[in-house]
Peer 1: 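Would you mind keeping the following structure in view while I ask a few things?
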Amino acid sequence: ITLTANSITSTGATLGWTEVGSATAWQVEYGPDGFTQGSTAGSLMSSSADSLTVSALSPISNYQFYVRSVCGAADSSMWVGPMNFTTNCTGTLSGVYTLDSASPITVSNYQTMESFIQHLNICGLGGAVTLNVVANSGPYVGPWDFGAIPGSSATNTVTINGNGNVVNKNASDNHFVRFDGTEYFTINDFEFINQTPSTAMFGVQMLGASNHISITNNTIDIGTGYTSSLSACIALSNSTTSATSYGDNASNVTISGNELIGGYYSVVLNGTNTTTPTQGHTISNNEFKEFYYYGLRLYYVDSIIVDGNEFSRPTRTAISNFYSLYAFYLTNGKVMNNRFHSNGANSSTAYPIYISNSNNSTKISQ
């Protein structure tokens with residue numbers, strides 16, 4: 001038997017199959033993705049045709065079904081399946097939603113970030129969307145991967161307010177949040193905490209020409225137990241295994257009001273080359289803390305404001321040189337009102353501001 005799912009709507013679908021034998025009756029069992037056959041989560045139905053229309057399904061939800069041939073009262077084939085399908089949207093997303101794992105699923109409340117992300121990717125945006133994560137409803141677990149969201153624009157934006165909720169890392173993944181081709185998106189007020197601080201990871205990664213991403217008022221703690229260059233709190237890099245991969249990773253990024261703890265790098269911004277730099281960034285009022293080597297590393301960057309940040313690593317012992325702000329091929333930069341102090345417990349060379357191969361369009365006033 002070959003299974004198909006057709007005529008899918010937001011609340012129903014036509015489940016079909018092709019019989020290879022001589023049966024004229026079949027049983028169908030369907031339910032939410034991952035349901036156990038024979039449990040109350042599934043529905044068992046009979047059919048005398050080679051298809052069955054099911055209804056009363058939930059919009060934008062994953063389902064699966066099984067089929068077996070019935071040749072007689074006590075003569076049935078083995079079950080074939082599962083075949084998976086996803087119901088459609090009722091419309092684009094617009095307005096204010098909540099995320100609360102302890103409250104029922106409704107048209108405006110999600111229980112998991114994964115379901116919200118799925119809805120964004122499938123339904124797209126019809127207006128600005130705000131997701132408020134209910135205070136003390138976590139902790140939640142990443143990774144959260146955002147792609148190119150249909151309908152996103154300067155007016156159709158997405159804002160996720162964490163309200164101080166903790167987000168931990170899935171043991172098998174190396175990041176909390178990844179933006180790949182995402183536009184006009186804000187992540188605000190979360191505590192991203194690496195539970196295995198000796199494991200290399202990215203806090204937030206941006207690639208695929210993402211743009212207008214704002215990371216504001218978060219704690220991103222990736223740990224101080226790892227000293228390899230594979231770790232960064234925030235990285236514009238198109239590699240999942242390197243923080244310094246060059247390319248059209250992201251532009252017009254705002255990183256403001258965050259506490260950034262640990263990592264080989266705190267923040268890495270990479271462009272493509274001198275003719276195609278990454279540009280339009282604002283890095284302001286952040287605390288760069290306990291990094292191993294680089295606080296803010298800029299490479300092929302044009303038009304950036306670095307204002308009111310604090311760089312320090314007072315308790316870090318396994319450390320290397322202290323490059324607080326390190327820039328190669330920097331154009332049109334404004335560096336002002338930053339504070340650099342507390343190099344670390346071990347003696348090492350300190351470079352509060354290190355700029356090379358750049359031009360005099362960059363202005364520094366501390």
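The structure presented is a predicted model; accordingly, all values stated were derived computationally and were not measured.
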Peer 1: Evaluate side chain to side chain contact (heavy atoms under 4.5 Å, CB included) for S10 paired with T87, printing each intermediate quantity in order.
Peer 2: CA-CA 5 Å; S10 60; T87 52; 5.6 Å; no
Peer 1: Are T315 and E290 linked by a side-chain donor-acceptor pair shorter than 3.5 Å?
Peer 2: yes
Peer 1: Less than 4.5 Å apart, side chain to side chain, heavy atoms only: is that true for D145 and D180?
Peer 2: no
Peer 1: Side chains of T157 and T186: closer than 4.5 Å at any heavy-atom pair?
Peer 2: no
Peer 1: I'd like to know if the side chain of N286 and the backbone of I255 have a donor-acceptor N/O pair within less than 3.5 Å.
Peer 2: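 Indeed, once roles are kept as given, a pair shorter than 3.5 Å links the two residues.
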Peer 1: Go through T254 and T282 one step at a time and tell me if the side-chain hydrogen bond (donor to acceptor under 3.5 Å, both in side chains) criterion holds.
Peer 2: CA-CA 5 Å; T254 296; T282 298; 4.7 Å; no
Peer 1: Taking S39 for the side chain and T36 for the main chain, is one N or O donor matched with an acceptor at less than 3.5 Å?
Peer 2: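 Checked: pair present.
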Peer 1: Kindly indicate, with the supporting measurements, whether the criterion side chain to side chain contact (heavy atoms under 4.5 Å, CB included) is fulfilled by M113 and I160.
Peer 2: CA-CA 10 Å; M113 183 64 76; I160 301 180; 4.0 Å; yes
Peer 1: Measuring only between side-chain heavy atoms, which start at C-beta, is P277 closer than 4.5 Å to V301?
Peer 2: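 No, side chains not in contact.
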Peer 1: Please check: side-chain N/O of S266 versus main-chain N/O of G263, any donor-acceptor pairing under 3.5 Å?
Peer 2: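 Flag not set: sc S266 to bb G263 has no pair under 3.5 Å.
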Peer 1: Angle between ring planes, F192 versus W144, binned at 30° and 60°: parallel, tilted or perpendicular?
Peer 2: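 Geometry flag for W144 against F192: perpendicular rings.
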Peer 1: Would you find a donor on one side and an acceptor on the other, under 3.5 Å apart, between the side chain of N332 and the backbone of D302?
Peer 2: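 Flag not set: sc N332 to bb D302 has no pair under 3.5 Å.
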Peer 1: Would you please indicate yes or no on a ring centroid separation below 6.0 angstrom for F65 and Y30?
Peer 2: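 That pair fails the under 6.0 Å test.
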Peer 1: Any side-chain donor paired with an acceptor under 3.5 Å for N217 and D189?
Peer 2: no
Peer 1: So S58 and Y63, do their side chains get closer than 4.5 Å, heavy atoms only?
Peer 2: yes
Peer 1: Judged by modelled atom types alone, do S361 and T331 share a side-chain donor-acceptor pair under 3.5 Å?
Peer 2: no
Peer 1: Are any non-hydrogen side-chain atoms of I355 and I364 less than 4.5 angstrom apart?
Peer 2: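 Yes; the side chains approach each other to less than 4.5 Å.
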Peer 1: Linking I/L/V/M/F/W/Y whenever their side-chain heavy atoms sit closer than 4.5 Å, directly or via other members, would W17 and M45 fall into one cluster?
Peer 2: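 Yes: a chain of side-chain contacts under 4.5 Å links W17 to M45.
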Peer 1: Decide, yes or no, whether a salt bridge links R339 with E310 under the criterion of side-chain N to carboxylate O below 4.0 Å.
Peer 2: yes
Peer 1: Hey, does V54 have a side-chain heavy atom less than 4.5 Å from the side chain of L15?
Peer 2: yes
Peer 1: State, without any angle test, whether N188 and T216 hold a side-chain donor-acceptor pair at a distance under 3.5 Å.
Peer 2: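 On atom types as modelled, these side chains qualify, holding a pair under 3.5 Å.
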Peer 1: If you count every heavy atom of other residues, nucleotides or ligands that lies below 6.0 Å from N136 atom CG, does the total exceed 12?
Peer 2: no
Peer 1: Are I222 and V177 connected in a single hydrophobic cluster, I mean Ile/Leu/Val/Met/Phe/Trp/Tyr linked by side-chain heavy atoms less than 4.5 Å apart?
Peer 2: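 Yes, V177 and I222 fall within the same hydrophobic cluster.
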Peer 1: Between E287 (side chain) and I261 (backbone), is there a donor-acceptor pair under 3.5 Å?
Peer 2: no
Peer 1: Any luck finding a side-chain donor-acceptor pair between S245 and N238 under 3.5 Å?
Peer 2: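 Yes, side-chain donor-acceptor contact under 3.5 Å.
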Peer 1: Within the side chain of S137, is there an N or O that forms a donor-acceptor pair under 3.5 Å with the backbone of D100?
Peer 2: no
Peer 1: Apply the test side chain to side chain contact (heavy atoms under 4.5 Å, CB included) to residues F288 and I283: give CA-CA distance (whole Å), side-chain angles for both, the deciding distance (0.1 Å), then the verdict.
Peer 2: CA-CA 11 Å; F288 293 75; I283 315 296; 3.9 Å; yes
Peer 1: Applying side-chain hydrogen bond (donor to acceptor under 3.5 Å, both in side chains), run through T9 and N88 and close with a yes or a no.
Peer 2: CA-CA 5 Å; T9 67; N88 293 335; over 6 Å; no
Peer 1: Determine, using the 4.5 Å side-chain heavy-atom cutoff (strictly less than), whether V204 and L131 are members of one ILVMFWY cluster.
Peer 2: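 Same cluster: V204 reaches L131 through Ile, Leu, Val, Met, Phe, Trp or Tyr contacts under 4.5 Å.
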Peer 1: Whether the N252 and N211 side chains hold a donor-acceptor pair (N or O, under 3.5 Å, no angle test) is what I'd like checked.
Peer 2: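 Absent: no donor and acceptor within the cut-off.
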Peer 1: Just so I know, are the side chains of F179 and V253 near enough to count as touching, which here means a heavy-atom distance under 4.5 Å?
Peer 2: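 No, too far: nothing below the 4.5 Å cut-off.
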Peer 1: Test of understanding: clusters of I, L, V, M, F, W, Y form through side-chain heavy atoms closer than 4.5 Å, transitively. Do V129 and I187 belong to the same one?
Peer 2: yes
Peer 1: Could you tell me if the side chain of V134 sits less than 4.5 Å from the side chain of N163, heavy atoms only?
Peer 2: no
Peer 1: Give me the ring orientation class for Y329 and Y300: parallel if the planes are under 30° apart, tilted from 30 to 60°, perpendicular past 60°.
Peer 2: parallel
Peer 1: In terms of relative ring orientation, are F328 and Y354 parallel, tilted or perpendicular, with 30° and 60° separating the classes?
Peer 2: parallel
Peer 1: Under a 3.5 Å cutoff, is there a donor and acceptor pairing between the side chains of T98 and N132?
Peer 2: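 Absent: no donor and acceptor within the cut-off.
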Peer 1: Would you say the side-chain atoms of E19 and W26 include a donor-acceptor pair closer than 3.5 Å?
Peer 2: yes
Peer 1: Under a 3.5 Å threshold, yes or no: a donor from one side chain and an acceptor from the other, between N218 and N258?
Peer 2: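 Yes, side-chain donor-acceptor contact under 3.5 Å.
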Peer 1: Among T92, I149, T155, which residue meets the side-chain contact (heavy atoms from CB on, under 4.5 Å) test with L125?
Peer 2: I149
Peer 1: Go through the side-chain N and O atoms of T199 and T196 and say whether any donor and acceptor fall under 3.5 Å apart.
Peer 2: yes
Peer 1: How are the rings of Y184 and H212 set to each other: parallel, tilted or perpendicular (split at 30° and 60°)?
Peer 2: parallel
Peer 1: As a quick check of understanding, evaluate ring pair (Phe, Tyr, Trp, His ring centres under 6.0 Å) for Y246 and Y299, giving each step before the final call.
Peer 2: CA-CA 8 Å; Y246 305 104; Y299 224 103; 5.3 Å; yes
Peer 1: Which word best sums up how the rings of Y293 and Y264 line up, parallel for under 30°, tilted for 30 to 60°, or perpendicular for over 60°?
Peer 2: parallel
Peer 1: Without swapping roles, check the side chain of S61 against the backbone of P59 for a donor-acceptor pair under 3.5 Å.
Peer 2: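 Yes: the side chain of S61 pairs with the backbone of P59.
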Peer 1: Side chain to side chain contact (heavy atoms under 4.5 Å, CB included) for Y323 and R297? Distances and angles first, verdict last.
Peer 2: CA-CA 8 Å; Y323 286 96; R297 183 187 187 273; over 6 Å; no
Peer 1: Checking D221 against T219: is there a side-chain donor and acceptor pair closer than 3.5 Å?
Peer 2: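 Checked: T219/D221 side chains show no N/O donor-acceptor pair below 3.5 Å.
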Peer 1: Give a yes or no on whether L99 and V167 share a hydrophobic cluster (residues Ile, Leu, Val, Met, Phe, Trp, Tyr; joining criterion: side-chain heavy atoms under 4.5 Å apart).
Peer 2: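 Linked within one cluster.
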